[in-house]
Amino acid sequence: MGHLPTSESSCIIHHNCLAVLSRHSAPNVRSQWEEERYPEGIKWKFLEHKGPVFAPPYEPLPENVKFYYDGKVMKLSTKAEEVATFFAKMLDHEYTTKEIFRKNFFKDWRKEMTSEEKSTITSLSKCDFTHMSQYFKAQTEARKQMSKEEKQKIKEENERLLKEYGYCVMDNHKERIANFKIEPPGLFRGRGNHPKMGMLKRRIMPEDIIINCSKDSKVPPPPPGHKWKEVRHDNKVTWLVSWTENIQGSIKYIMLNPSSRIKGEKDWQKYETARRLKKCVDKIRNQYREDWKSKEMKVRQRAVALYFIDKLALRAGNEKEEGETADTVGCCSLRVEHIKLHPELDGQEYVVEFDFLGKDSIRYYNKVPVEKRVFKNLQLFMENKQPEDDLFDRLNTSILNKHLQDLMEGLTAKVFRTYNASITLQQQLKELTNPDDNIPAKILSYNRANRAVAILCNHQRAPPKTFEKSMMNLQSKIDAKKEQLADARRELKSAKADAKVRRDEKSKKAVESKKKAVQRIEEQLMKLEVQATDREENKQIALSTSKLNYLDPRISVAWCKKWGIPIEKIYNKTQREKFAWAIDMAEEDYEF
DNA sequence: GACCCGACTTAGGACCGAAGCG
DNA sequence: CGCTTCGGTCCTAAGTCGGGTC
């Protein structure tokens, strides 16, 4: 295998290049630099990789694992059996009880059956997968029980695969690939109420695969007996491998890891755009407030939508094809049924109550007081409409983004999310960091600032399955600690009384040690209570998404430098790799 | 301007090994 | 030591947005 360097050292160079540039440069210098290296949309000059790793082939079940139809044992053809195992593996999941899931699955399963199977198996409810399911559970159990040596062997095999296929060379750099393994076949599980749940996600073959690499590279060979769909040499894109998936008909890609030069630069660029927005956001805000009064309905709708995007960090909200995906919306696709207007609510005037499902079917629920003009406009937009009608019927993301482009080069709806997230972090850090705090307390403040952003962006998570239980465990620990404290206090009291009577050194010492014990227990109790609050506050909030995608890492790096916090306390290894550019370039006085 | 497609970013959940705790 | 909890990684779905076509 030709050009892949074995040394890691070649990776280091590019971060320093970024750092050197950034210290002296205004944001636009960078694009000049980029233009020097890559004229008009060229992403690389050299690209070589080993191609994808395919999912392991299907291994038929052992003879003794039975499938039953209508109470009778039935031996399935290999293809039908494979699809049946997908269902059997999900039997415990409530998915498999859902009407749509079952219907979609059964339809696709039947396509894999032989004609005899098809004529026999006519009802999913007569299928009994429990024996298969038990077998897989036993397998999982067996895997857990594996010896250290066996586990080590698997680990080594994975490392070998990573070493062989997990890297590529792009323009003199050895780079880590993000997802070099092809997605295995299985049953599609959409998020939320997805109309396609349960459909068969088919096995991807070399014949489905488009390879992208440079002409002067060593083209990866397809597996023996197979051919690639196509080999192309397109240096205007960053992907190495692509294929078309069969559920939505969309294209999937193999691309580089976030630590790569190409991703890092893009990330940097994203934050630079957000910083440019910072410079003109006041002007833009004044503008959209003016537009609330416009004679043109289209302009008013645009201005109200933009206000929501800015104030509430809503997503743009592209139109979606009905029936193809879960019914979710963003700002421009809000419908009348998603908001309620309250002229007065809980002592506040002009409150808008939002209730809709956003990306990933995550609920957005918020009651927001808005300015009178916005409120009146919303009333106007809703006049003579049905609940299922679009709130902004004269607006879509393309109109909005074209307008934004006129306000600032490179401005789109999502830049507001990046801008507001980053500026919020910066403000919150300033506000919450207490210089006298020790390091753990400062980190707590950091997490609080992070949390403020996560709430703004509505980054939620399902409460961990064991949340209630673990909360109860924690509570009983707290209760136990309280009792312990009460005991310790009683002991202290009696020791004091004792010392008063005896007046000797020994009893004085006893008092001192009891005092210390009380203090220690008080501290432990406080720690537990802080932990409980923290956990409760974090119950439904996911911090990682904003940390990874919305917060300019230079803010965090600067904060760490300023307060002497080791960067490792804020970013783990993966995150440090992704944000290497920022760690290199940000000084303690960095301002977003 | 509606529609479609391609390329890319953003997203939450499953899983698993390590750390923490009694 | 055995249990629970935590944190990191992997996985892949679901968005955004620009460009092309008609």
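Just so it is clear: chains get the letters A, B, ... in the order the sequence lines come, proteins before strands, and each one is counted from 1. Here the structure is a predicted model, which is why all the values come from computation and not from measurement.
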request  = Check each of A:E245, A:E321, A:E324 against A:K196 using the salt bridge (charged side-chain N to carboxylate O under 4.0 Å, His left out) test, and report the only one that passes.
outcome  =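 Among A:E245, A:E321, A:E324, the one meeting salt bridge (charged side-chain N to carboxylate O under 4.0 Å, His left out) with A:K196 is A:E324.
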Can you name the residues that form a ring pair (Phe, Tyr, Trp, His ring centres under 6.0 Å) with [X], not counting sequence neighbours?
X      : result
A:Y165 : none
A:Y571 : A:F579
A:H233 : none
A:F136 : none

Output yes when at least one side-chain N/O atom of [X] is less than 4.0 Å from OP1 or OP2 of [N], else no.
X      : N      : result
A:H459 : B:dA11 : yes
A:K196 : C:dA13 : no
A:K402 : B:dG1  : no
A:N549 : B:dT9  : no
A:T412 : C:dT16 : no
A:N179 : C:dC11 : no
A:K270 : B:dT10 : yes
A:R417 : B:dA11 : yes

key: Nucleic acid footprint by protein, nucleotides 15-21 of chain B - heavy-atom cut-off 4.0 Å, B for base, S for sugar-phosphate alone   = -------
Can you confirm whether [X] sits close enough to [Y] that some side-chain heavy atom of one is under 4.5 Å from a side-chain heavy atom of the other?
X      : Y      : value
A:Y307 : A:L312 : no
A:I211 : A:L240 : no
A:H338 : A:D355 : no

Look for any protein N or O under 3.5 Å of an N or O in nucleotides 5-7 of chain C and output each such pair with its distance, or none.
unit_1 : atom_1 : unit_2 : atom_2 : d
C:dT5  : OP1    : A:N473 : ND2    : 2.9
C:dC6  : OP1    : A:R535 : NH2    : 2.8

inquiry  = Salt bridge check, A:E230 against A:R232: does any charged N sit closer than 4.0 Å to a carboxylate O?
reply    =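 Salt bridge flag = yes for A:E230 with A:R232.
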query = Charged N to carboxylate O below 4.0 Å: is that the case for A:R554 and A:D552?
reply =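 Here A:R554 pairs with A:D552 in a salt bridge, since their nearest N and O are under 4.0 Å apart.
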Could you work out, with salt bridge (Lys or Arg N to Asp or Glu O under 4.0 Å) as the rule, every residue matching [X], not counting sequence neighbours?
X      : result
A:K89  : none
A:K229 : none
A:R102 : none

Could you list all N or O pairs between the protein and nucleotides 20-22 of chain C that sit under 3.5 Å apart?
none

What does [X] touch in the nucleic acid at a heavy-atom separation under 4.0 angstrom: a base, only the sugar-phosphate, or nothing?
X      : answer
A:P184 : sugar-phosphate
A:K320 : sugar-phosphate
A:R461 : sugar-phosphate
A:K414 : sugar-phosphate

task = Would you confirm whether the ring centroid of A:F354 sits within less than 6.0 angstrom of the ring centroid of A:F308?
result =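 Yes; A:F354 has its ring centre under 6.0 Å from that of A:F308.
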task = Please check if the distance between the ring centroids of A:Y167 and A:H49 is under 6.0 Å.
result =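 For A:Y167 and A:H49, the ring centres are not under 6.0 Å apart.
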ask   = What parts of residues 324-332 of chain A reach DNA chain C, counting only heavy atoms under 4.0 Å away?
value =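 DNA chain C contact set from residues 324-332 of chain A: A:T328.
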message = Within residues 230-254 of chain A, which residues have any heavy atom lying less than 4.0 Å from an atom of DNA chain C?
response =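 Of all residues in residues 230-254 of chain A, the ones placing a heavy atom under 4.0 Å from DNA chain C are A:Q248, A:K252.
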